[in-house]
Structures are given as structure tokens and as C-alpha cells.
Amino acid sequence: MLSNYFTIKTTGEHELIIDKSRFIAHIARAETEEEAIQFIQSIKKKHYNATHNCSAYLIGEQDQIQKANDDGEPSGTAGVPMLEVLKKRKLKDVVVVVTRYFGGIKLGAGGLIRAYGKSVSEALNAVGVVERKLMQVVHTKIEYPLLGKVENEFRSSHYPIKDIHYLEHVEFESYVPIDEVDHFKEWVTDLTNAQAEVDLGEQEYLESLV
């Protein structure tokens with residue numbers, strides 16, 4: 001698993017009008033090629049009467065899967081420029097479809113390249129980009145008399161709280177950078193005078209807006 005990478009925040013779309021043609025960029029996460037293909041097919045079905053539904057996707061930890069499709073536009077003027085925008089932004093696991101409704105004015109090869117690239121760039125700005133960092137989930141179990149002190153310290157620290165369970169004991173789930181786990185354990189030991197039980201949970205990605 002990668003220690004960190006960039007991807008889109010959410011599924012979304014963004015529309016541009018360029019020389020009377022409508023360019024609608026649809027963008028989504030896709031962790032497999034099957035997911036990317038399904039998304040592309042769903043957009044083609046929705047916009048079955050469009051002039052073109054061009055697509056591109058970039059998938060895998062090492063960008064192993066890269067595809068671009070011009071869907072009838074002159075070769076290299078749509079899918080590839082769209083894919084290049086994803087690469088330039090260093091994104092992973094993203095699929096994009098740009099739907100074009102022709103407005104009667106031909107753009108030429110250079111104009112098409114700029115239009116499709118701009119459509120993807122503006123769609124990315126609209127939906128937002130996040131950095132996903134691999135974190136260790138750490139469970140800290142304490143007695144109730146320590147709750148106020150520990151919760152205040154946790155909330156003012158740089159270790160985000162994932163959840164708090166109020167059972168027989170209080171259990172905090174915190175996100176801790178993998179290389180800080182030992183430091184976190186020492187910090188909790190000092191904070192609670194060694195009255196906490198600390199266990200490691202799963203490793204999960206934590207997202208933050210770029």
C-alpha cells in the first residue's frame with residue numbers, strides 16, 4: 001500500500017461552453033478497470049445522443065492501467081489530453097468522461113486538445129483533490145476518571161480522533177502516522193501515568209483536502 005497519494009474528493013461534473021459546443025466533464029474514483037468501464041458506460045447511456053463521449057482513466061499504485069478514448073474525435077485530440085491532465089495533477093484511481101454536444105463550429109486539432117484538457121482541469125477544481133495518507137488506527141482504553149483530561153489532550157493534538165466508545169471503559173480510536181506509533185504510545189503513557197491500554201488496529205487511509 002502506498003504511504004500517500006492524490007485522488008479526487010468526490011464524484012461530480014462540470015460544464016463548459018466553448019464556441020457553442022457543450023463540454024460536460026464527468027469524473028469519479030475507480031479502483032479497478034471494471035469500475036472505470038462501468039462509469040464510462042453509464043455516462044454514454046445517459047448522454048446517448050451526444051456527439052462524443054470521450055474518456056480516460058488512470059488506475060493502480062504505479063499507474064499500471066492507463067486508457068484514453070477519443071470516441072470519434074480526431075486521433076489524439078481528446079482522450080490523451082484528458083489523461084495527461086490526470087497525470088500532471090499526479091492523481092490515481094480516477095476516471096473521467098467528457099461529453100460533447102457539437103455546436104456547429106469546428107475547433108481544429110489544437111482547439112480540441114485545449115477544450116478537452118480545460119474541461120478536465122476545471123472539473124478537478126470543481127470536485128476537489130484530496131491527499132490520502134496511510135495511517136495506523138490506535139485504540140486507547142482508559143477509565144472514566146481520565147476521560148476529560150485525555151479527550152482534551154487528544155483533541156488538541158495532531159492525532160485525529162476516529163471514534164470514541166463509551167462502554168465499561170472509554171476507548172478512543174485515533175489516526176496516527178505509521179512512523180509515530182512508538183512516540184504516540186510514549187505520549188499516552190506519560191499523559192495517563194501508564195494507566196491506559198494501547199492496542200493497534202487496522203491501517204487506513206485518511207483524506208485531507210489539497
I would like to know whether Leu107 and Phe102 meet side-chain contact (heavy atoms from CB on, under 4.5 Å); could you show each step before the answer?
CA-CA 10 Å; Leu107 301 182; Phe102 183 57; over 6 Å; no

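- Judged by distance alone, with hydrogens and angles left aside, the side-chain atoms of Asp93 form no donor-acceptor pair with the main-chain N or O of Arg29 at under 3.5 Å.
- No more than 12 heavy-atom neighbours from other residues, nucleotides or ligands sit within 6.0 angstrom of CD on Glu202.
- Transitive grouping of hydrophobic side chains (ILVMFWY, heavy atoms separated by less than 4.5 Å) keeps Val129 and Tyr5 in distinct clusters.
- Applying the side-chain hydrogen bond (donor to acceptor under 3.5 Å, both in side chains) criterion to Arg89, with sequence neighbours excluded, gives Asn125.
- Other residues, nucleotides and ligands contribute only 12 or fewer heavy atoms inside 6.0 Å of the OH atom of Tyr48.
- Between the Thr189 side chain and the Ala194 main chain, no donor and acceptor come within less than 3.5 Å of each other.
- Contact detail for Ala36 and Ile59: the closest heavy-atom pair is CB-CD1, 3.9 Å.
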Take Leu91 and Leu124 through the test side-chain contact (heavy atoms from CB on, under 4.5 Å) and record every step on the way to the result.
CA-CA 10 Å; Leu91 301 177; Leu124 291 172; 3.5 Å; yes

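- Looking only at side-chain heavy atoms (C-beta outward), Phe154 and Val188 come within less than 4.5 Å of each other.
- Expressed to the nearest 0.5 Å, how far NZ of Lys44 lies from SG of Cys54 amounts to 8.5 Å.
- Pairs of residues two or more places apart, or lying in two chains, that qualify as salt bridge (charged side-chain N to carboxylate O under 4.0 Å, His left out) and include a residue from residues 46-57 are Glu13-Lys46.
- Scanning both residues, Gly79 and Asp70, for their nearest heavy atoms gives N-OD1, 2.8 Å.
- One distance of note links CD of Glu197 with NE2 of His169; it measures 8.0 Å at 0.5 Å rounding.
- Every residue meeting the side-chain hydrogen bond (donor to acceptor under 3.5 Å, both in side chains) condition with Glu15, not counting sequence neighbours, appears here in chain and number order: Arg22.
- The distance between the ring centers of Tyr116 and Phe23 falls below 6.0 angstrom.
- Partners of Asp190 by side-chain hydrogen bond (donor to acceptor under 3.5 Å, both in side chains), not counting sequence neighbours: none found.
- Within the 4.5 Å cutoff, the side chain of Glu131 has heavy atoms near those of the Lys133 side chain.
- Contact annotation: the side chain of Lys185 approaches that of Leu200 to within less than 4.5 Å [non-hydrogen atoms, C-beta and beyond].
- Ring pair Tyr159/Phe184 is perpendicular by interplanar angle, where above 60° counts as perpendicular and below 30° as parallel.
- Note that CG of Leu86 is 9.0 Å distant from OG of Ser121, once rounded to the nearest 0.5 Å.
- For the pair Lys9 and Val127, the minimum side-chain heavy-atom distance is 4.5 Å or more.
- A continuous path of ILVMFWY side-chain contacts below 4.5 Å connects Val150 to Val181, so both sit in one hydrophobic cluster.
- Judged by distance alone, with hydrogens and angles left aside, the side-chain atoms of Gln136 form a donor-acceptor pair with the main-chain N or O of Gly201 at under 3.5 Å.
- A side-chain donor-acceptor contact under 3.5 Å links Glu35 to the backbone of Glu31.
- Atoms CG and CG, from Leu146 and Asn193 in turn, are 8.0 Å apart once rounded to the nearest 0.5 Å.
- Annotation: side chain of Lys162 is in contact with side chain of Glu204 (closest heavy-atom distance under 4.5 Å).
- The two residues Pro74 and Thr77 have their closest heavy-atom pair at O-OG1, 2.6 Å.
- Between His47 and Tyr101, the ring planes lie perpendicular to each other; the angle is over 60°, past the 30° to 60° tilted range.
- Val85 and Phe39 fall into different hydrophobic clusters, where Ile, Leu, Val, Met, Phe, Trp and Tyr residues are linked whenever their side-chain heavy atoms come under 4.5 Å apart, directly or through other members.
- By the ring-ring contact (aromatic ring centres under 6.0 Å, His included) test, Tyr175 pairs with no residue at all, sequence neighbours left out.
- Considering all non-hydrogen atoms of both residues, Tyr57 and Leu83 come closest at O-CD1, 3.5 Å.
- Residues His52 and Asp71 approach most closely at ND1-O, 2.8 Å, considering heavy atoms.
- By the rule that hydrophobic residues join a cluster once side-chain heavy atoms approach within less than 4.5 Å of another member, Ile18 and Val96 end up as members of one cluster.
- Linking ILVMFWY residues whenever their side-chain heavy atoms come closer than 4.5 Å, directly or via other members, leaves Val130 and Leu134 in distinct clusters.
- Distance check, rounded to the nearest 0.5 Å: CG of Leu191 to CD of Glu153 gives 5.5 Å.
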Test log, rule side-chain contact (heavy atoms from CB on, under 4.5 Å), inputs Asn53 and Ile40:
CA-CA 8 Å; Asn53 284 293; Ile40 293 166; over 6 Å; no

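- Contact detail for Glu61 and Gln64: the closest heavy-atom pair is N-OE1, 3.2 Å.
- Between Leu2 and Gln62, some side-chain heavy-atom pair lies under the 4.5 Å cut-off.
- The line from NZ of Lys87 to CG of Leu58 is 7.0 Å long, rounded to the nearest 0.5 Å.
- For residues 163-172, no pair satisfies salt bridge (charged side-chain N to carboxylate O under 4.0 Å, His left out), with sequence neighbours left out.
- Of the N and O atoms on the side chains of Glu173 and His165, at least one donor lies less than 3.5 Å from an acceptor on the other residue.
- You'll find the side chain of His158 reaches within 4.5 Å of the side chain of Glu180, heavy atoms only.
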